Amino acid sequence: MPSYRDRVAAAYDAEHFRRQGHQLVDQLADYLSRATHGDNLPVLPWSPPAERLTQFPGDFPAEPTGELSGLMERVLATSNHLHHPRYIGHQVTAPLPLAALCDFVSSLLNNGMAVYEMGPSATAMEHSVLRWMAGQLGLPEGSGGVLTSGGSAGNLTALLAARQARAGYDAWGGGSAAGPPLTVLVPETAHYCIARSVKVMGWGTEGVTPVPVDAHFRLRPEALEEARTRALKAGRRPIAVVACAGSTATGAFDPLEAVADFCERQGLWFHVDGAHGASAVLSPEDRHRVKGIERADSVVWDAHKMMLMPALITAVLFREGSRSFEAFAQEASYLFHGQDTRRWSDIGLRTLECTKEMMALKLYTCLSLLGTRFFSDYVAATFALARRFAAMLQAAPDFELAVEPGCNIVCFRHTPAGLPPSERDALQTHLRERLITRGDFYLVQTTLPRGVHLRTTLINPLTSEADLNALLETLRQAA
Ligand SMILES: *Cc1c(COP(=O)(O)O)cnc(C)c1O
């Protein structure tokens, strides 16, 4: 029986790591080849959760056993294949393999970044990536922010800063009962994490004042004043407006210029949830959709959506970079000693996380090695493909486009001749179930005012027009 010391030496043995790593990369490369070609591979190898559980039981051995490749083969075979050209579901991208290699490096180095000393290179790369992103958005000199673990954490971070800036009292130190109750004006189409953030801040359900949207699911700017008055009458002081740059369900872009004007007039914080759609700024043909984003006080932008990064990497950018210190104004004195606590380089002062991944590494590397045009072209191509898909749907008498797509999210339904309106919703649900359990396609669904719709996000750069033609044909046959 080897001693603990011997087992430690084996677990950290560089030569063993080299061999295992080469094998793993070979295994992943074979997988990638199959997945990107969609060769005899169901997009989602469907199985009910309880059945999957039996394949991954928690009965861990006390002594070393088995091979990495066997376990990984099972993981690969039973996961959702996001690189499959017929993955057109949620807004989670087919990550660049180069970015995956960077995550490998990040995990090995494990430079946790709460303080500069714990992640010198990661801190510098984070700063540079954020400066570049702020520049793309057109934010002024002095803007800045942080990277955080996802859009949900990002929106909470931005709203905490908004509260500190506009509440008129110290809600962070004194709690939400230290002053008048607050609210945020939020379009009905906003992602649920906005309401969740508001509840985390302790403002309850009334902390969100809904703003109606138009027939294209865009915030109606003329409804803002009415929403503000409604909130005031209910005893709530509005401090901010949230606008969606790419709403989750349909990808609609709120009219940012009009919201910015309203915020300026009323002295409200202007937050843009651009988790999905802020990437539109990268494409010269599409950036008009986010005109006005440069006037935002804060913007959330997920690189794991429309910048081809693996989860998670989200930028929270502030027009005044120093605002980013206000989201979490409390000082953890054992980490941040000395007077100069507001250095850009002490990232943990400004994030929900203490320790976090070296998340900038993958984006910094991909921007450096692939160049920025790759990303501009990707955004332009996916948005254009969505427009072509919309045209295909409009030309087909048995399909109905929900709304002209603003980005690469397309919602539609199948309405074959003779289908009674009362069965429309059930048909979409059944069709989706059929397609995803067979593994033909992975797509999702959403309920819009006119009923249940199939929802696709054309986020995988390998998806082609031919795949979308095949989708319509497959749906017809399944119906
Ligand atoms: C995806 C999304 C979110 C949530 O972001 P995560 O990174 O999944 O936490 C928030 N807002 C919008 C508009 C989104 O599309």
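Quick note: numbers below take in every heavy atom, side chains included, and nothing from hydrogens, waters or symmetry partners. Numbering of ligands and ligand atoms starts at 1, following listing order. Predicted, not measured: the structure shown is a model, and the values here were computed from it.
The distance from ligand 1 to the heavy atoms of His304 drops below 4.0 Å at these ligand atoms: 7 (O). When each atom of ligand 1 is checked for a heavy atom of Thr248 under 4.0 Å away, the hits are 12 (C), 13 (C), 14 (C), 15 (O). Remark: ligand 1 atoms within the under-4.0 Å shell around heavy atoms of Cys193 are 10 (C). Within ligand 1, counting atoms from 1 as listed, the ones closer than 4.0 Å to a heavy atom of Gly246 are 13 (C).
For atom 6 (P) of ligand 1, the nearest non-hydrogen atom of the protein is Gly151 N, 3.3 Å. Nearest non-hydrogen protein atom to atom 11 (N) of ligand 1 is Asp273 OD2, 2.6 Å. Looking at atom 10 (C) of ligand 1, its nearest protein heavy atom turns out to be His191 CG, 3.4 Å.
At a heavy-atom distance under 4.0 Å, atoms from both the backbone and the side chain of Ser152 approach ligand 1. In Ala190, neither the side chain nor the backbone holds a heavy atom less than 4.0 Å from any atom of ligand 1.
Residue contacts with ligand 1 do not include Cys244, since none of its heavy atoms lies under 4.0 Å from the ligand.
Summarising the local packing, CZ of Phe399 is surrounded by more than 12 heavy atoms from other residues, nucleotides or ligands at distances under 6.0 Å. Within 6.0 Å of the OH atom in Tyr364, the count of heavy atoms belonging to other residues, nucleotides or ligands does not exceed 12.
The backbone N or O of Arg450 sits nowhere less than 3.5 Å from a side-chain atom of Arg424 that would complete a donor-acceptor pair.
Of the N or O atoms in Asp302, one or more lie within a sub-3.5 Å distance of an N or O in ligand 1.
Arg230 and Pro210 get closest at one heavy-atom pair: NH2-O, 3.1 Å. In terms of heavy-atom proximity, Ile459 sits nearest to Val92 at CG2-O, 3.5 Å. Heavy atoms only, all atoms of each residue included: Gly145 and Leu130 are closest at O-CD1, 3.2 Å.
Cation-pi geometry between Arg74 and Phe56 is met: the NZ or CZ atom falls under 6.0 Å from the ring centre, inside 45° of the normal.
Side chains of Leu98 and Lys362 form no contact here, defined as non-hydrogen atoms less than 4.5 Å apart.
Of the listed residues (Lys305, Gln91, Met306), the one carrying the non-hydrogen atom nearest atom 3 (C) of ligand 1 is Lys305.
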